[in-house]
Every structure is written in C-alpha cells, then in structure tokens.
Amino acid sequence: MIREKPKRFFKQLVAGKNYLLRRFSFTKADRILKRSDFLRLSKTGKSIHNRYFMISYCPGCYDSNRLGVTVSKRVGNAVTRNRIKRYVREHFRLNKHDLAGNWDINVIARRDAADIDSKETNKWLHNLYRRIETP
RNA sequence: AGAGUCGUCCAAACGAUCGCUGGAUCAAUUCAUGAUCCGGAGGAAAGUCCGAACACCGCAGGGCAGGGUGCUCCAUAACGUGGAGUCACGGCGACGUGAAGGAAAGUGCAACAGAAAGUAUACCGCCUUGGAGUGUCUUCCCUGAAAAGGGGAGAUAUCUUCAGGGUAAGGGUGAAACGGUGCGGUAAGAGCGCACCAGUUCUUCGGGUGACCGGAGAAGCUAUGUAAACCCCACCCGGUGCAAGACCGAAUAGAGGAGCGUUUGAGGGCGGCCCGUUCGAGCUCCAGGGUAGGUCGCAAGAGGUGCCGGGCAACCGGCAUCCACAGAUGAAUGAUCGUUACCCGGUUCGGGGUAACUCGACCCGGGGACAGAAUUCGGCUUAUGGACGGCUCUGACC
RNA sequence: CGGGGCGUAGCGCAGUCUGGAAGCGCACUUGAAUGGGGUUCAAGGGGUCGGAGGUUCAAAUCCUCUCGCCCCGA
C-alpha cells in the first residue's frame, strides 16, 4: 500500500500533465488523409487567400479541426516544399485550440511562400485563421 | 609567395521544452490508446543515363528484323563501370582528353571558290606533226629611166589560227589537289630512273598474354576525307515493371441460381404487437466476379572496419570484430530558445613596422552551400560549401 | 516508375529527317502618297538558333551531357 501510493500518484500526475499537453499534439486524427476529402473541400468549401497562402475550408464530420496541406511542384523543389509544410503544420499544432468549431481546412501554398521564414509564415497564417471564425 | 594539377576527408556540435514516425515489451488485449526502451535522410538521397537482384507474363531450338557496345588484358553478379597498359592529341610540366574496329566489300556526300573534288580526265599552259594566213629572206617573171609596184616558187619564224598527237612539271582557289626535296632524263614531261626522307603492304627476327613496340629486307605500292552518313565485322540483349505481384474485401448497381409472391396480395408506412387502413410488384437467401479501401511485398548482407596472404592495381581469399543499420504512403526525420566553435564586416586596445600593412584580444552585427529516402543494390552524370595532403611550373632569398 | 514533345528576331512559326550564306507573317524605324490620320507602296534595323562539350573542312541540323516548360500512361 505504502509502496504503491507514490507510483499511482505519479501516474496520475503524468496522465494529467499529458492531458494538459495534448492540446499541442498533432496525430493522424488531426489531418485530412484521403483524396476524396480534398476533392470535397475544393468543390464545396469556401476559400480565402492572401499573397502567400490560400485556405479552403468547410465544416467537417469529426469533433475537431483537421488540417491538410497542399504545396504543388510549382512552388519549389522538394526541400522547399517540405519546409513550407512543416511550418504550416507547426503553426496549426500550436494554435488549433484557439480555433473554434470542427473545420476541415486545406492550406494551399502559393509561389511566394517559398521566400518567407517561419515567423512570417505564422503571421500570415494567423491572419487567415482569424478570418475563418469571423467571415 | 603566386599559378596550376591530382587525391583524401567532413557535411557544425551540445543542452532544454514542445512535437512527428518505425520496432520491441508492458498495460486482461486483436484493433485503438497510453507508458518505457531502442532507431529515424545524403554525398550526391537529385537527374533517371546504364547494369543487376526480385516479381509476373512468354519461351523446344535456330535465324531475320530492331537496339546497344566497339584499342588490349584483367576485375566484377553484371555494366556503357573500374584497374593496369598501348596508341593519338593537348599542355613547358605535374597531368588531362579520347564512341580509339573496318574507307584495300559496296553505296552516298564534299556548299562557295577552283581547270579539276576522287573514275582520273576535259580546260589553260608546255612540246610536237600537218594545213592555212602573215612577216622576213633568196630567186625568177612582168611594168618602169630609177625609186618602187604586182605575180610565182622555195626557205624560215620568240607571229596568228585550225586539226591531230604527247604530257600531267606549272594553274588567283580551297579544309583537302593523287608522296616531298635534289640530280639525271626528255621534244616537252612524268617514280620514268637514282639518292635521301615520309607512309603503305608483305616477309622475317627479337620483346610482350595482348593492343603494340624495336630491328632487317623486299615491292615504286603512294591508295583523299567522312562510318557521332547508310553499311560491313565481332560481341551482347525475350517483354514489362513494386501502381511488379499475392491476399482480404464494404456499400450501391447489374448479371446468375433457389424460394415466396403479382385482385387467393410478397413486402413496406401509420412510435411496440394484433385488428384495421393505406401504398401496390417485387421481396428474401445463396455462391461468385469485381470497385473503393486495407494487409503483405517492405527492410540483416553482392555489408562496414582491422589484420594476414595473392595481385602493379581494380579486386579476390582467409581470420577476427562491429552493427543488426530509416521505412513514410496527402507522404515522418522538425520547430523554438540558449551556449560553444567556424567565416565575414566594423569599433576599441596591445605588439611589430617610417608607412602601406600584419598578428593577437574584447565587444557589436551578419552568415553557413547543394539538396529530402519512396522496392533494393552497383555505377555514371550533374549541383555544391569547406579542410588537409602529394606533385608540377614561375619568381625571390639563403 | 515509364513514355513523348517543345525551346530559332519583341510575338507566332518554317528551316533539323537528307550538315554548306539564317528565313516568313505581324510588330518596329525611315521615306513616299494625304491638309492630317488610317490603308497602300518602297527601303531598312533587329537573332550567342536554351546552355556546355564533341564529331566534321564546316553544326540551328549529327552525337553526349545539362537547363527550363508542357503533355500522356499505369
């Protein structure tokens, strides 16, 4: 009994901590994975854009927001495209809890997005996400 | 010190926080989820230019067509790759480059210029024979006092022209002109002959596994270039590619079979059941093909390091040792902060120097290339930041 | 993973197979014609043939490598 107590306490602590920190996780449930979902978004979703990104979104059928990233070959080589996708995912991971609702969001990078760094990316994406909530 | 050339190595490191992803173990446990531990991009992962492994399809054997390769020997699972050499070319040199078989099997092409572009011949030219013309000379005849004129014959020519023959020495060209120079020779010339030089073919000797190299002799043999033009010769190649291929397999629709039904009403609606009412021709089951989707293929050897032996080397053999070494699939391998190291620029300080400048320290600011596995290996090619070493040439000093 | 096409003057194209002086149309400049403009006529300028290397006497054309753009199949 005495020996078990701290262990259980520790376990609960870890679980609670993880519950708190899970708001920053980014698993497969948080992503759009199927081509049909992307096609549905481009067909029926609304779209907004600025000079670096375009976002098409519509209400999803899950209980949380989901993200898909589209960076075409036109934007740059594989290294550039991977970097943009990482920036976009990182921004979504750190800010998705501030976004109300259960949207399916597809972020499409435009050609100028190859030239900006992570801080600029965060700035312009934040701008766009705010316009989702208040159309 | 400068310029160059060849080769080897590295691809910033560490910590904290938050994430992503594969495997193993545990949580009653297959999935899902969570915890712990271990692992998570490159020298080119790139281009996809070659070669193989692997999978399926085809296939008795041989040939044609088509494609590829092309100095020699060796290495290799294989290669268009590599190593060692040969030859040619470039470079003062270190060294580099080379699709480097055959033009004497045949066909095609060689613009412009030029006489002519591959058969050796036509043109100009040179020489020669003959004819005609013209000029000159000699001689004869006629006219005339003479000068001179006319006509005939013969000879001759640094002349003109026509016809025949010889010749390939010479020919503003051209990328390239059928060996070069000299002497002889000739009517003029010509490898026509001779000497030397260059090449080709053949014979032979020596070295080398061989490509080839060196020497001797013979034949006047002199034959253009182009095969990354067709082609010939030798050798190699069955096709398609992990979206290969194997397995599981929903909903809907259609096809097949069986059963029950079509005023003797299957089945459905009117909250559950019966009655009732209403709609009115299909409904239920079976097995199979097959789509979306999913699982496997899919991550441990043509492996690295060291020593020994063979080989000039590429490489091969043996022993020891190290790892078990990324496996995603809208596609992971990251983000933020801090510290240190490196490079660049600047301020200040100190040392050296007349100065230009150089060396060291602190601080501030900035920078870090090319580039992302997609079935797996061996190469090639291309892109790109730096460090170190060998060698060559030039200059200065000792 | 595999296959195909294109790159020539500011623009659109021919020439590439079969190597031999870089062309056509529009556009541009100048001149004529008109009172002026348009139309028309005449003359003219403008091209490292995407880049590098090679074969050849000679390359837009042949060969190799490379850059960019576009398309197709599974």
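As the structure is a prediction and not an experimental result, all values here were calculated from the model. Reminder, nothing fancy here: chain letters follow the sequence lines and each chain counts from 1.
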* Asked: Quick one: side chain to side chain contact (heavy atoms under 4.5 Å, CB included) partners of A:Asp117, sequence neighbours excluded?
  -> A:Lys119, A:Glu120
* Starting from the 5' end of RNA chain B, give me the residue, A:Ala78 or A:Ile32, whose nearest nucleotide shows up first. => A:Ile32
* Structure fact -> Sequence neighbours excluded, the answer for side-chain hydrogen bond (donor to acceptor under 3.5 Å, both in side chains) partners of A:Asn77 is A:Thr80
* **Side chain A:Arg93 and base B:rC18 donor-acceptor under 3.5 Å** => yes
* Asked: If pairing requires Watson-Crick or G-U wobble contacts with both distances under 3.5 Å, which nucleotide is the partner of C:rA59?
  -> none
* Asked: Is A:Arg81 near enough to B:rA371 that one of its side-chain N or O atoms lies under 4.0 angstrom from OP1 or OP2?
  -> no
Every protein N/O within reach of nucleotides 65-74 of chain C N/O, cut-off under 3.5 Å:
from	atom 1	to	atom 2	distance (Å)
C:rC70	OP1	A:Arg74	NH2	3.1

* If a pair satisfies ring pair (Phe, Tyr, Trp, His ring centres under 6.0 Å) and one of its residues is in residues 28-50 of chain A, list it, with sequence neighbours excluded. => none
* What residues, two or more places apart in sequence or in another chain, satisfy side chain to side chain contact (heavy atoms under 4.5 Å, CB included) together with A:Arg31? -> A:Phe26, A:Lys28, A:Leu33
* Asked: Excluding sequence neighbours, so at least two apart, what forms side chain to side chain contact (heavy atoms under 4.5 Å, CB included) with A:Ile48?
  -> A:Ile55, A:Tyr57, A:Leu128, A:Arg131, A:Ile132
* Structure fact -> pair_partner(B:rU392), Watson-Crick or wobble, both distances < 3.5 Å, evaluates to B:rA3
* To do: Give a yes/no verdict on base stacking between B:rA335 and A:Tyr87: centres under 5.5 Å, planes within less than 30° of parallel.
  => no
Where do N or O atoms of nucleotides 381-386 of chain B meet protein N or O atoms at under 3.5 Å, pair by pair?
none

* To do: Tell me which residues in residues 112-124 of chain A put a heavy atom below 4.0 Å from RNA chain B, sorted by number, or none.
  => A:Ser118, A:Lys119
* Asked: side-chain hydrogen bond (donor to acceptor under 3.5 Å, both in side chains) with A:Ser118: which residues, sequence neighbours excluded?
  -> none
* Taking only residues two or more places apart in sequence, or in another chain, which ones meet A:Asp112 in a salt bridge (Lys or Arg N to Asp or Glu O under 4.0 Å)? -> none
* To which residues is A:Met54 joined in a hydrophobic cluster, defined by side-chain heavy-atom contacts under 4.5 Å among Ile, Leu, Val, Met, Phe, Trp and Tyr, whether direct or through other members? -> A:Ile108
* **A:Asn106: side-chain hydrogen bond (donor to acceptor under 3.5 Å, both in side chains) partners, not counting sequence neighbours** => A:Thr70
